[in-house]
Amino acid sequence: MQIDQAHYHGWNGRLRTPWVACVAIVRVAVLQVFRNKAYWLVLGLGALRFLAFWSIIYAVTQLALPPDVRRVLLQQFGFNADSDLAQDNGYIGFMQGQSVIVMILLAFSGSLLVGSDFRLKSLPFYLSRRIDRRHYIVGKLLAISSVVTILTTLPALLLFLEYGMFTSAPAYWVDNWRVAVGVLAFGMVLCVVNSILLVAISAYLQRIVPITIAWASLFLLVGRLGDYLYRETENDFWRLLDPWRDMRLVGQLCFGTFRREIDQDLAWWALAILGSLSAVALVALVRRVRAVDVVE
Amino acid sequence: MQLVDIHHLSRSFGSVHALRDVNLSLESGTIGLIGNNGAGKSTLLKVLLGLLKPDSGGGTILGCDILHGTPDLRGRVGYMPEAAAIVPMLKGVEFVTFAGDLYGMPHRDARRRAHEVLNYVGLGELRYRRLEEYSIGNLQRLKLAAALVHDPQLLLLDEPTNGLDPAGRIVMLQLLEDLIAETGKSVFLCTHLLGDVERLCQQIVVLDRGTVVRAGTMEEMRDQVSNRYELSWEGPLDRYRAALANVGIRFAEEQPERSTKVMVTVPTGFSTTTFFEIARAAGVVLTELKADEENLERLFFRVTEQAAHAPATT
């Protein structure tokens with residue numbers, strides 16, 4: 001092996017605040033996800049679903065469809081067929097559908113984005129630079145949030161814009177401003193809850209199989225348990241055991257539309273449960289990142 | 001310039017004392033931190049870098065407080081960890097750029113510097129390869145590039161030649177030698193490979209079970225080495241040993257007590273003619289006297305052996 005005889009050059013620039021490093025962590029995480037070909041199938045599903053919604057909105061706004069066909073198309077995709085309320089539930093449905101895809105993607109990518117830092121002992125690589133544990137945790141949470149946003153909030157906002165632009169009616173923006181707020185608020189809930197839970201679980205379990213099992217148990221098994229207890233007791237509160245359903249309820253709260261009257265009360269409880277769960281996971285995550293100095 | 005100045009540094013993990021009352025004062029240059037596995041070398045590096053908080057004690061590196069000045073300190077220090085510490089799916093140049101980003105460099109500068117330092121460490125042609133495809137030797141060089149990207153004043157290298165084959169080790173040592181000669185950077189080399197230290201370092205710190213058992217320049221170490229002699233004699237055993245001990249001569253720990261061939265360490269200013277005078281007075285005939293050509297390896301074993309027999313300090 002020959003050593004390259006290039007000469008060493010110094011660098012005299014100024015170092016910026018460590019918080020800027022969070023942007024780099026996000027950029028690298030998104031790069032990792034999109035570079036992994038195994039995830040392309042899941043990402044492709046998300047893209048297909050977005051294209052399907054985009055096409056429907058295009059069809060009902062741009063093509064001269066018979067009213068019945070138009071009504072059926074809108075109802076199939078969860079939009080209210082009444083033109084005055086055309087945007088109500090379609091976005092919740094879209095985001096909830098997308099979040100299923102996000103859940104699958106996150107179950108597999110937790111090991112890559114967070115678990116590998118612990119498994120490959122890369123944490124000292126991060127923490128020996130100018131960042132500390134706060135920057136690392138915030139960077140990783142933002143990284144997961146970015147993946148969630150790319151698959152849920154961003155396409156939902158694009159659909160909202162598409163609907164508005166194709167209807168060409170200024171009143172659309174005035175009448176439906178709440179939809180945009182709802183999309184952003186629900187997107188934020190998905191980002192916060194998913195990112196904190198995933199980073200905490202991945203920091204402890206590290207490998208893809210345990211992470212997937214824990215993730216699936218949290219969102220499927222606990223949900224089934226809640227359903228069973230609800231059937232036995234007919235008490236709606238048992239269904240709040242399901243974090244998935246809690247997120248859906250909070251989504252309805254964000255959009256201000258509820259399918260059942262009781263859901264309005266349950267949504268606040270769901271928000272409290274998700275807040276508590278996230279707080280517990282965050283504390284566990286901070287403890288885990290601190291505990292690394294012992295295992296190292 | 002004072003590089004490291006630490007006082008009464010201690011750190012424990014549960015019941016394990018990784019560092020015990022460590023005091024160090026070192027000048028700029030190349031410093032070798034040696035010790036057996038578990039001696040506390042990596043822990044000391046991590047404390048110096050602010051990755052671990054000491055239980056007690058404190059100090060400065062490059063004038064920065066290790067307890068409170070860590071962001072400023074890390075901007076002036078480059079750390080090369082022992083572990084693989086890679087970020088999966090990245091290419092070499094992206095990894096080093098990422099390291100620069102984490103230091104707080106502007107992204108464009110980090111990217112340009114990544115190309116420069118990768119070229120410098122000899123990975124110019126491999127920079128667009130995925131990290132998973134790098135050999136261990138190339139990974140070590142990549143980690144060195146990541147430590148150099150922000151042009152630090154001090155490099156903390158944790159086992160830089162660990163896991164390398166002989167050819168890879170020579171390349172890495174040559175690279176470090178060139179780097180030190182060309183840039184004058186201070187280097188804190190943490191290793192259990194004494195040959196690496198002998199080749200690169202001007203100062204040496206020997207750690208044993210969390211305690212500094214020897215610290216000084218290589219010249220001081222070599223002076224200690226030349227104070228050792230191997231003696232053989234014919235005649236009464238105890239009388240000559242006692243006479244030698246009376247003038248301050250110490251017997252090496254590893255020598256059997258009932259032997260007439262021993263390794264001794266003499267006090268500073270001792271003249272070799274004294275051996276003959278004592279022999280004559282004790283009625284023995286000195287049959288062999290030779291200066292011990294102790295290398296760093298034997299010195300290391302000697303000082304750690306002495307430390308093992310010394311009473312615990314905590």
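Computed from a prediction, not measured in an experiment: that's the story for all the values here. Below, chain A is the first sequence line, B the second, and so on; all start at residue 1.
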L73(B), part contacting chain A, at a heavy-atom distance under 4.5 Å: neither
Closest non-hydrogen atom pair between K121(A) and A83(B), with its separation: CB-CB, 3.6 Å
Heavy-atom proximity to chain A below 4.5 Å, by part of E94(B): side chain
Options I131(A), D117(A), T17(A), ranked by heavy-atom pairs under 4.5 Å with chain B, top entry: I131(A)
Contacts of residues 18-31 of chain A with chain B (heavy atom under 4.5 Å): A21(A), A24(A), I25(A), R27(A), V28(A), L31(A)
Minimal non-hydrogen separation, D151(B) against G10(A), with atom names: OD2-CA, 3.3 Å
Shortest non-hydrogen contact from M105(B) toward L15(A): CG-CD2, 3.6 Å
When R130(B), E82(B), M80(B) are compared by non-hydrogen pairs under 4.5 Å with chain A, the top option: R130(B)
Exceeds 12 heavy-atom contacts within 6.0 angstrom, atom CZ of R199(B): yes
Atom OH of Y39(A) with >12 non-hydrogen neighbours under 6.0 angstrom: yes
Y103(B) vs R129(A), side-chain hydrogen bond (donor to acceptor under 3.5 Å, both in side chains): CA-CA, chis, key distance, verdict: CA-CA 5 Å; Y103(B) 277 119; R129(A) 316 292 147 173; 3.2 Å; yes
Which portion of A110(B) sits near chain A, non-hydrogen atoms under 4.5 angstrom: neither
Pairwise side-chain contact, E116(B) with W11(A), heavy-atom cut-off 4.5 Å (strictly under): no
Heavy-atom side-chain proximity of Y126(A) to V87(B) below 4.5 angstrom: yes
Best-contacting candidate, G75(B), P81(B), A18(B), against chain A by heavy atom pairs under 4.5 angstrom: G75(B)
Spatial distance of atom NZ (K46(B)) from atom OG (S128(A)) [nearest 0.5 Å]: 10.0 Å
Region of L90(B) that comes under 4.5 Å of a non-hydrogen atom in chain A: both
L161(A), CG atom: more than 12 neighbouring heavy atoms under 6.0 Å: yes
Aromatic plane relationship, F98(B) with F125(A) - under 30° parallel, 30 to 60° tilted, over 60° perpendicular: tilted
Atom CD of E125(B): over 12 foreign heavy atoms under 6.0 Å: no
Point-to-point distance, once rounded to the nearest 0.5 Å, from CG of D109(B) to CZ of R16(A): 8.5 Å
pair K91(B)-R35(A): side-chain heavy atoms closer than 4.5 Å: yes
Gap separating the CG atom of D101(B) from the CZ atom of R130(A), nearest 0.5 angstrom: 12.5 Å
Largest heavy-atom contact set with chain A, pairs under 4.5 Å, which of L179(B), L49(B), I86(B): I86(B)
Close side-chain approach of M89(B) and F34(A), heavy atoms under 4.5 Å: no
Pairwise side-chain contact, Q32(A) with P88(B), heavy-atom cut-off 4.5 Å (strictly under): yes
Side chain, backbone, both or neither of A146(B) within contact of chain A (heavy atoms, under 4.5 Å): both
Close contacts, residues 109-116 of chain A versus chain B, judged by heavy atoms under 4.5 Å: L112(A), S116(A)
Nearest heavy-atom neighbours spanning R133(A) and L51(B): NH2-O, 3.8 Å
